[in-house]
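Written below as structure tokens is the structure these notes are about.
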Amino acid sequence: MDFLAHHILSVVLFTPLVGALLLLFVPRERDAVHRIVGNLFGALGFLVSLPLLRWFKPGWGGFQFEETADWIPSIGAKYHLGIDGISLLLVMLTTFLGMIAILSSWSAIKLRQKEYYILLLLLQVGMIGVFVSLDFFLFYVFWEVMLVPMYFLIGVWGSDRRLYAAIKFFLYTLAGSVVMLLAILALYFYAPVEPGATRTFDIPTLLAAAQTFTDPLKVWLFWGFFFAFAIKVPMFPFHTWLPDAHTEAPTAGSVILAGVLLKMGTYGFIRFSLPLLPADTAMRAKIIHIVIFLSLVGIIYGAIVCLMQKDMKRLIAYSSVSHLGFCTLGIFALNPNGLAGSVLQQINHGISTGALFLIVGVLYERRHTRLISEFGGLATPMPNFAAIYLIVSLSSLGMPLLNGFIGEFTILQGAFQVSKAWAAWGSLGVVLGAAYLLWLYQRVMFGPVTQFANEELPDLNLREYATLVPLVILAFWIGIYPKPFFALIDKPVQEIVHRVNPDFYKAEHANLAAPELQASRVQVK
Amino acid sequence: MLDKVIFYFFAAIAVSSAALMVTRRNAVHSAIFLITTLLATAGIFLQLRAEFIFIVQIILYVGGIMVLFIFVIMLVNLDVALHQLKFARQKWVALVVVLALAAQVGVMFWTTGKMQGQVWPGLNAAPVGKLPPGNAEAVAQSLFGTYLLPFEIASVLLLVAMIGAVVMAKKRA
Amino acid sequence: MTPSGYFLDHLWMIPLFPLVSAALMLFFGKQLPKAGVNVFCVGSVGLSFIYALGAVLQLLAADPEHRVAQQIMFEWLTPGPMQMTGGHLVRFVADWGLLLDPLSCVMVLVVTGVGFLIHVYSAGYMAHEGGYYRFFGYMNLFMFAMLTLVLANNLLLMFVGWEGVGLCSYLLIGFYFLKKSASDAGKKAFIVNRIGDAGFLLGLLLTAVTLGTIRFTSLGLPEAGGYSGILQSLEAAVHAGTLGYGAHVLTAIGLLLFVGAAGKSAQIPLYVWLPDAMEGPTPVSALIHAATMVTAGVYMVVRMNAVYQLAPFALDVIAVVGAVTAIFAASMALVQNDIKKVLAYSTISQLGYMFMALGVGAFAAGIFHLMTHAFFKALLFLGAGSVIHAMSGEQDLRKMGGLWSKIPKTATTFLIATLAICGAPPFAGFFSKDEILGNSFDRYRSLWFVGFITAGMTAFYMFRLFFLAFSGYSRADEHVEKHIHESPPSMTVPLMVLAGLSIVGGWIGWPGSLGGENRFERFLEPVLAGAVSETGAVKIAHHAKATEYLLMLLSISIAGAGIWLAYEFYRSKRIAPELLAEKWPRAYQLLLHKYYVDEIYDALIVNRVKDLSTLFGLFDAKVIDGVGVNGAGWLARFGSRVSMWWDKWVIDGLLNFGAKFLQLLSFPVRLLQSGMFSSYAMVILIGLVVLLAYYGHHMQTLLRGVH
Amino acid sequence: MDAIRSYLQGDGAVILPEMELVLFGLGILLIDFWIEERDKYLNAVLALAGTLFSGGTLWMLRGRVAASGGVLVGFHESAVVDGFVLFFGALFLASTALVILLSVKFMQIEKEQEGEYYALLLFACVGMMLMASGVDLIVMFLGLETMALSFYVLTGFLRREKRSNEAALKYVLLGAFSSGILAYGFSLLYGLSASTNIGAIGAALGQRNQLVQAILRSQQPGEAGEQMRQLLAARLPVALNFDPFTLQILPMLAFVLVLVGLLFKVAAVPFHQWAPDVYEGAPTPVSAYISIASKTASFALLLRLLLLVFASSQPTWIYLIAGIAIASLTWGNLAALTQTNIKRLLAYSSISHVGYILLGLVGGNETGLIGIAYYLFAYVFMTAGAFAVVIVLRQKGLIGEELEDLNGLYQRSPASAVLLLIFMLSLAGIPPTAGFMGKYFIFLSLIESHHPLLALFAVLYIVPALYYYFRIVAHAWLKQPGEAPQPLMTSAQAIALGVAVFVSLAAGLYPEPFYKLAKYAFGQ
Amino acid sequence: MLPIGNYLFLSMALFILGVIGVITRRNVIVVLMSIELILNAVNINLVAFSRLYGDVAGQVFALFIIADAAAEAAVGLGIIIAFFRNHETVLADEMDLLKW
């Protein structure tokens with residue numbers, strides 16, 4: 001227990017790896033064993049991450065559960081792990097969605113099961129690693145490592161154009177990440193270091209050091225990181241890999257891709273890009289305007305493109321572009337509301353879009369097509385499915401009492417404090433969101449059953465319930481009682497705002513001196 | 001004066017026969033002109049008081065290598081080659097490039113040569129007036145003293161060449 | 001004396017009953033027998049009504065100035081500190097809290113009461129439909145959402161209900177999901193509502209950053225100081241001089257919120273969804289699209305009256321929009337042939353009335369009309385439902401007629417409702433409509449005139465409806481004719497109850513001029529006090545009694561005129577409507593086609609968005625597989641050019657052009673890697689020459705300063 | 001006996017590993033006459049023993065090097081043993097050993113399992129080690145030629161193969177041509193310094209450079225210029241009339257000629273064209289050998305020359321190198337995209353690797369040099385591994401060099417597919433593999449030396465590189481297998497693959513010891 | 001001895017002629033001979049410098065260059081013979097199996 005308490009992050013990180021290694025030694029023909037072991041470790045990965053929630057102290061600043069060990073002392077790279085509230089949520093999301101994604105593959109994957117589960121578990125390691133690393137070198141390693149399993153997941157188990165989609169995904173993200181590598185190296189090199197001492201890759205140290213950089217340098221570094229994260233997120237002009245990758249990937253791959261992988265970009269924005277914003281107000285404003293512009297374009301563009309999609313997965317993929325646009329909008333509002341909303345929305349997107357992909361997976365498994373026109377009237381043969389699908393759609397389009405609303409509202413609130421126009425454009429995305437999701441729902445579920453093949457489709461089975469219901473429950477939970485989530489991220493968000501936008505707290509000159517307002521004034525440290 | 005005459009004489013032979021070597025259609029003719037060039041060069045070596053190299057040049061090069069060449073030329077089919085184009089298609093482009101190179105190097109040598117009074121190892125230094133007698137002896141001293149290692153390597157080199165020639169030229173087993 | 005009591009402490013149970021029942025229906029309803037469904041669903045609403053009644057009675061026990069009960073159950077949304085416009089940081093909180101004050105009293109009673117009746121009615125009406133449990137599940141869910149809306153103590157929770165009712169409306173309109181028109185209508189309703197919601201959200205956010213809170217009031221809370229409400233913040237701001245009468249930001253808030261209200265309450269320009277919403281089952285139309293949900297906008301505006309009272313421009317806009325909507329919708333109702341469509345347009349028109357009332361500052365009158373309208377419009381719809389039921393689903397007025405004797409209960413109640421809506425004294429509609437017209441006369445004569453004309457039109461089209469359906473000879477098919485029968489008691493009893501309410505419902509607002517004391521307005525007064533008492537510019541100067549009588553007389557006479565005209569057209573047939581239609585074919589067609597607004601919206605917005613979507617999609621598709629865009633217009637060509645550019649520079653191109661691109665790439669390689677020894681040697685030589693030249697030049701620059 | 005011992009204590013120690021190799025080579029040539037056709041593999045065993053023996057000697061020398069202050073000098077300062085030599089020597093021996101392991105089965109299939117082949121492998125290694133340890137132009141040149149001649153012959157070793165003949169002929173003609181250019185450069189270097197010792201040459205060129213700087217300074221107006229003028233007038237009055245540019249012309253010419261000669265050997269653009277043809281035509285183990293060892297050795301030579309002889313003019317030539325590097329990256333990556341022959345593809349990819357290594361030279365600082373060493377180290381093992389997989393594919397009746405031949409390798413032989421993946425990832429520079437660490441140092445050095453744009457170029461080229469490496473992976477993993485037989489891996493191949501994959505992974509996962517090794521190569 | 005420039009120009013001329021031979025001639029044997037010419041040019045340089053400095057190292061270098069030339073010639077000719085056996089030609093531009 002003591003070991004667990006001190007190395008909890010390592011345990012969380014490497015549990016899937018143990019599973020993958022174990023699977024290596026299971027003979028190829030024993031498919032059932034692969035399935036069971038894969039699922040076991042998926043579940044185990046989630047279980048071992050649960051103590052994090054229990055032991056995490058929301059009120060403490062900085063990072064918790066830190067672990068440090070020497071790795072490459074000569075260049076100052078360390079095995080340094082630690083999480084704050086933001087990464088905690090993302091880690092939990094990863095382990096949770098990982099478990100569900102693995103479960104969802106039970107009957108969908110019939111080909112090369114051994115490798116499939118190994119790769120999924122490896123992917124888990126990479127993703128968790130990205131969120132828990134506190135050392136840039138380690139971070140980068142995980143960041144890249146995760147590409148390879150994803151490549152194979154798409155490339156081997158994807159659908160028709162899988163080769164193309166897989167390599168496109170890989171190349172796109174790689175292009176971003178190599179540029180990020182340069183930025184990391186520059187950060188590493190330009191950070192002041194005592195004479196004689198080794199430089200360090202320690203993330204907190206480097207980010208603190210970055211505050212002393214000159215503005216032009218910061219701007220360069222910012223764009224370096226930005227490029228990588230913008231591709232990962234993906235922001236507007238860099239989004240074209242996403243529809244292909246999502247569409248071609250197997251269900252679990254899409255779930256992970258949308259649920260977690262994209263969050264690595266937003267996480268990067270929060271953790272690395274924000275501290276690199278220049279101090280000069282004009283320069284900063286210019287950058288922020290560009291980023292916000294791209295976010296807004298992404299929100300609206302993604303939503304509009306959704307309207308003409310013929311392929312369900314493609315539609316959902318584009319909706320991700322729109323949703324992630326909200327996340328970046330919130331981040332670059334640079335205030336607690338925007339950031340908190342963005343973090344929460346990342347979780348929400350993981351839940352809702354993950355569930356949407358699962359839903360498409362359910363249909364795909366039954367009919368082996370994702371074309372919207374192939375369906376219609378499914379509400380008749382599959383009423384329970386229809387209900388869950390409806391809830392998930394509503395969660396995705398931001399219906400109050402479901403998770404999506406909480407995130408979107410908080411983001412809009414954050415954006416509104418900075419610029420009313422941003423919020424106005426953002427809310428246009430909310431409108432369009434309803435349009436494409438409901439239209440999709442209508443085309444798939446409503447009307448008479450048009451295709452013979454759809455008449456006798458079986459409703460959800462137990463395993464499918466097991467994958468979908470937890471997500472639905474979470475969606476309701478966040479929608480109805482999001483306070484614990486906000487409590488987790490409150491501290492880190494405030495710390496970030498203190499660091500990157502201290503003006504937010506400074507601008508407290510009273511010109512609206514209502515005693516009631518004074519009373520409800522926030523006590524900020 | 002004599003030096004000059006000897007130099008220019010051999011230089012003229014060397015250059016002109018080298019030019020002929022490059023341009024002759026018949027490989028045997030080329031080989032003959034190469035021999036002439038090499039011999040002329042040997043003459044220049046002699047003019048430079050490098051008697052040992054002069055001898056080596058004549059024996060090894062002219063006597064050894066060139067015989068090898070002619071032998072091979074005889075071996076491969078000669079008649080066909082006579083009726084074929086002797087130059088590659090790119091010859092004009094090639095000529096331009098080579099002339100550019102010649103111009104570059106020539107200008108470089110020329111400008112360097114014009115500069116007077118250079119005092120350390122370099123060009124235009126006054127030649128050492130008198131060389132010690134016994135060039136072969138000096139070369140040998142150097143060869144088995146300072147340059148013992150290259151000498152040893154050269155043996156490996158020649159061994160490799162020998163094996164190589166044997167391997168390449170032997171008929172299939 | 002602060003109000004307290006069991007029911008007030010258990011306010012949260014009011015919305016909870018229907019929620020539980022809805023959950024039960026949606027999860028397990030399939031297994032339940034119909035009777036069970038009835039017991040749960042109707043019973044839960046009944047319980048809600050009882051609890052609501054109890055709570056209201058307990059509230060009434062308190063002094064008028066203390067009639068506020070507020071309960072915060074938990075903090076719902078706590079996203080951290082928020083920066084207000086002035087730079088203040090406040091802790092933004094949205095509670096999960098309930099507020100019962102006179103205004104919500106009215107609403108909660110109307111919603112649960114009318115809702116209960118409609119549920120009872122539905123049990124009969126839907127008895128033969130499939131998906132019985134689903135229907136009731138949605139209905140109960142709707143009740144939950146609507147009650148959340150009216151009981152919410154802050155804007156955001158209200159928005160929860162707001163969206164919730166929208167969702168249920170979507171689900172119920174699309175209840176017959178096998179019909180494409182039904183699911184289309186549902187979707188249209190939702191999306192149009194969403195546009196309004198965007199406005200609502202922005203208004204909400206603006207309120208939040210301006211006032212630092214979105215709670216309506218801090219009254220009724222144990223430690224009011226710690227929880228500021230909109231009302232209190234506004235007061236403080238006005239006292240501090242930072243906000244005043246006519247402040248731009250308040251106008252903006254008012255207008256933005258009104259966008260939301262316009263969406264929900266079907267005002268111009270967002271009214272288009274409501275007629276289509278008639279695709280839903282008739283009880284749904286009665287409950288949602290007449291009595292409750294569509295009035296949410298009115299309720300919300302009244303809820304925010306403190307802000308509106310300081311924003312005269314916003315009020316003016318509301319008044320004008322309301323008035324225009326009223327007459328505009330009424331004009332369209334004149335020629336509709338579908339019984340429910342007539343009622344739908346009539347609803348829009350009546351809602352316009354209500355907004356006109358709000359716009360002229362007569363908030364109480366608006367709510368009053370809301371209430372009476374709920375009674376008689378619900379009755380009208382239910383009656384229409386009964387008619388449709390009797391006619392085996394026929395909705396076309398041209399195929400009805402002569403029903404008076406065949407379904408007498410329905411017919412009688414329907415007549416009562418018709419009279420009520422026409423404003424015939426002493427039916428409910430008379431009092432509320434008169435109140436509105438009177439108030440608008442004082443504020444803007446022109447508005448009064450519009451309302452006045454609308455009243456005549458209302459009378460005309462309602463009686464046209466009545467005559468076409470109930471009088472004369474039957475125009476129905478023989479087949480249908482045989483099956484005409486009166487509805488079962490479960491349907492007629494609610495009709496009768498509502499008929500009673502339609503008669504007496506208005507009496508609680510018996511105006512002073514007629515010897516009453518207008519209790520209704522007095523009851524609401526504490527809520528409508530506004531932030532500052534002296535912002536009376538909106539308040540109406542009390543007019544002379546003579547004028548009041550005159551106005552009353554005028555409105556009675558215009559209603560009479562309308563009725564007479566309808567009689568002449570459709571009963572006595574002394575004037576043939578067809579002749580008029582032939583005389584002014586354009587006007588007729590314009591009205592019949594509802595001014596082509598749907599078509600215009602389609603052409604201007606819907607299709608353009610779709611085009612845009614296609615274009616963007618092609619933009620992406622272009623990027624992805626390099627297929628040429630053969631779209632029309634410069635935008636398409638531009639898009640194609642942009643994406644061509646994109647192709648070239650982004651990795652996509654590298655991948656997508658596939659063979660061609662690789663060939664292109666391999667061309668220089670093939671050219672150089674020719675396999676020719678001589679060319680290889682020459683490339684080496686060229687390399688040498690280039691290096692020499694470059695290095696020489698570089699050196700020369702360095703050492704000689706030559707460029 | 002004493003004479004031998006004293007020789008081995010003195011000069012002989014410097015070339016002891018080379019001597020052992022030569023002896024083993026001769027031994028192979030001798031025993032080759034006696035062993036039966038089916039026992040020919042003994043040649044390989046002996047050759048392997050030679051490399052191991054030589055490696056052991058190298059390991060022993062390490063202590064003596066440390067004892068004598070980091071460098072052992074011998075043969076009148078014409079050869080040395082220092083960290084540099086030990087590092088590169090070990091690398092050459094390792095690659096030779098790998099190639100020997102890979103050759104056994106291959107040459108058996110080709111029916112060319114002959115003593116000469118293994119002897120030539122060892123002689124080539126001798127040449128390479130001399131290239132690293134020589135500090136005299138003549139030694140360097142002869143070492144280079146020994147290596148080159150061995151390679152010419154090895155390339156053409158499959159005499160019945162038309163492609164092998166052709167490759168050998170192209171290689172020998174172009175190689176000799178480039179050697180001629182190199183020799184011309186060497187002759188000029190000799191002319192500039194009257195010495196063949198590179199230390200002396202470097203000093204002479206350094207002096208010349210100082211004078212040039214002094215003259216330039218003296219031409220500047222102001223006080224500093226005046227001071228320098230007076231100093232020059234006192235020390236070397238004639239220098240006042242010198243044109244600084246003219247003084248640098250001949251060093252420049254010599255530099256370019258030497259550079260071209262060596263860039264040819266490392267196959268940098270535009271001197272690379274022989275490489276794809278030769279790689280394709282040569283027996284695959286030889287292709288691997290050329291790719292890893294010859295390139296590494298030429299880099300060793302290039303490094304020695306650039307860092308010792310031309311160090312003084314470094315700021316002027318880095319742009320030249322940078323241009324070549326970018327050209328190599330661009331061309332290598334571009335051309336590799338369209339290849340269908342794995343060996344050719346690897347040839348182009350190795351050209352792009354040259355670009356990266358040269359960029360390390362552009363960075364030029366300590367990190368850059370460590371990066372070059374690390375990169376070369378990683379390069380040797382990952383490239384050897386990649387070739388090894390191709391060699392494993394070679395069966396009777398299957399050449400296995402085309403991408404199509406890889407189809408479905410995963411189903412046929414999962415282990416080789418996994419190995420192939422690791423090598424490709426390493427070649428592409430994806431962490432945590434050795435290839436990434438090599439690139440890491442290169443990029444870092446570029447940033448440290450303030451060449452951000454070059455760095456950007458370099459990192460972005462990873463993307464197309466990944467594309468073609470993953471074409472290979474896609475063929476092996478994602479395509480369905482055709483009729484191709486199951487590849488059978490011999491134990492020798494397995495050992496070679498094992499070593500290659502171990503290093504490729506270990507140097508990425510735990511780079512610390514490898515980093516120290518790379519640092520040791522440059523005298524720390 | 002004449003001024004060193006004379007020898008340099010002579011060697012340059014031979015070098016250039018050798019280069020011309022290498023890149024223009026189709027007959028690989030002539031190409032190989034041209035390379036010999038280049039090496040010969042190198043030797044002139046070396047010997048001239050050697051004379052200039054009175055340092056014998058240049059001559060030793062030249063000696064090794066000659067040895068190298070011999071070795072190259074031997075190997076090169078061997079390869080040419082092997083090539084000729086398979087291809088029945090010695091023309092440079094008929095070596096075109098390997099390209100792209």
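Here is how names work: the chains are called A, B, and so on, in the same order as the sequence lines, proteins then strands, and each is numbered from 1.
Within a 6.0 Å sphere centred on CZ of B/F151, heavy atoms belonging to other residues, nucleotides or ligands number 12 at most.
Residue B/F10 holds its CZ atom at 12.0 Å from CD1 of E/I44, rounded to the nearest 0.5 Å. Distance check, rounded to the nearest 0.5 Å: OG1 of B/T23 to CD1 of E/I20 gives 10.0 Å. Atom CD of E/E36 is separated from atom CZ of B/F69 by 4.5 Å, given to the nearest 0.5 angstrom. Distance check, rounded to the nearest 0.5 Å: CZ of B/R24 to CG of E/N27 gives 14.0 Å. A distance of 8.0 Å separates CG of E/N6 from NZ of B/K4, quoted to the nearest 0.5 Å. Rounded to the nearest 0.5 Å, atoms CE (E/M12) and CZ (B/F109) are 7.0 Å apart.
Contacts of B/M66 with chain E are made by side-chain atoms alone, with heavy-atom separations under 4.5 Å and no backbone atom involved. For E/I23, the parts lying near chain B are the backbone and the side chain together; criterion is any non-hydrogen pair under 4.5 Å. In this structure, the portions of E/A57 lying under 4.5 Å from any heavy atom of chain B include both its backbone and its side chain. Only the side chain of E/A13 comes within contact range of chain B, with heavy atoms under 4.5 Å apart. When heavy atoms are compared at a cutoff of 4.5 Å, B/Y8 approaches chain E solely by way of its side chain, counted from C-beta outward. The contact between B/L68 and chain E is made by backbone and side chain atoms together, counting heavy-atom distances below 4.5 Å. With a 4.5 Å cut-off on non-hydrogen atoms, B/I153 does not touch chain E at all.
Between E/A67 and B/L158 the shortest heavy-atom distance is O-CD2, 3.9 Å. Closest approach of B/L60 and E/A70 over heavy atoms only: CD2-CB, 4.4 Å. Taking each heavy atom of B/S30 and E/R25 in turn, the nearest pair found is OG-NH1, 4.1 Å. Across all non-hydrogen atoms, the minimal contact from B/M21 to E/S34 is CE-OG, 3.3 Å. When all heavy atoms of B/A50 and E/V47 are compared, the pair lying nearest together is CB-CG1, 3.6 Å. Counting all heavy atoms, side chain and backbone alike, B/A18 lies closest to E/L14 at CB-CD2, 3.7 Å.
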Q. Going through the distances and angles, do B/F71 and E/I81 end up as a side-chain contact (heavy atoms from CB on, under 4.5 Å)?
A. CA-CA 11 Å; B/F71 190 70; E/I81 289 172; over 6 Å; no
Q | Verdict with reasoning, B/F33 to E/L37, per side-chain contact (heavy atoms from CB on, under 4.5 Å) | A | CA-CA 11 Å; B/F33 283 116; E/L37 196 58; over 6 Å; no
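Contact count versus chain E (heavy atoms, under 4.5 Å) is highest, among B/A14, B/G106, B/G164, for B/G106. Heavy-atom pairs under 4.5 Å with chain B peak, among E/V75, E/I66, E/V30, at E/I66. When B/N135, B/I6, B/T146 are compared by the number of non-hydrogen pairs under 4.5 Å with chain E, B/N135 comes out ahead. Chosen from B/I53, B/T37, B/D3, B/V56, the residue pairing most often with chain E at heavy-atom distances under 4.5 Å is B/I53. Heavy-atom pairs under 4.5 Å with chain B peak, among E/I29, E/N40, E/L63, E/D68, at E/N40. For chain E, the option among B/A19, B/P150, B/A138, B/A31 with the highest count of heavy-atom pairs below 4.5 Å is B/P150. Per-residue counts of heavy-atom pairs under 4.5 Å with chain E were compared for B/L95, B/V166, B/V105; the largest is that of B/V105. For the set E/L32, E/V31, E/V19, the count of heavy-atom pairs under 4.5 angstrom toward chain B peaks at E/L32.
When ring centroids are compared, B/F7 and E/Y7 come within the 6.0 Å threshold.
With contacts defined as side-chain heavy-atom distances shorter than 4.5 Å, the pair B/S142/E/Q59 does not qualify. Under the 4.5 Å side-chain criterion, counting only non-hydrogen atoms from C-beta, E/F61 is not in contact with B/Y147. The shortest distance between side-chain heavy atoms of B/M168 and E/L77 does not fall below 4.5 Å. For the pair B/T41/E/N43, no side-chain contact is recorded, criterion being any heavy-atom separation below 4.5 Å from C-beta on. Using a 4.5 Å heavy-atom threshold, the side chains of E/F64 and B/L143 count as touching.
Side chain of E/R51 to main chain of B/R49: no donor-acceptor pair is present (N/O by atom type, distance under 3.5 Å, no hydrogens or angles).
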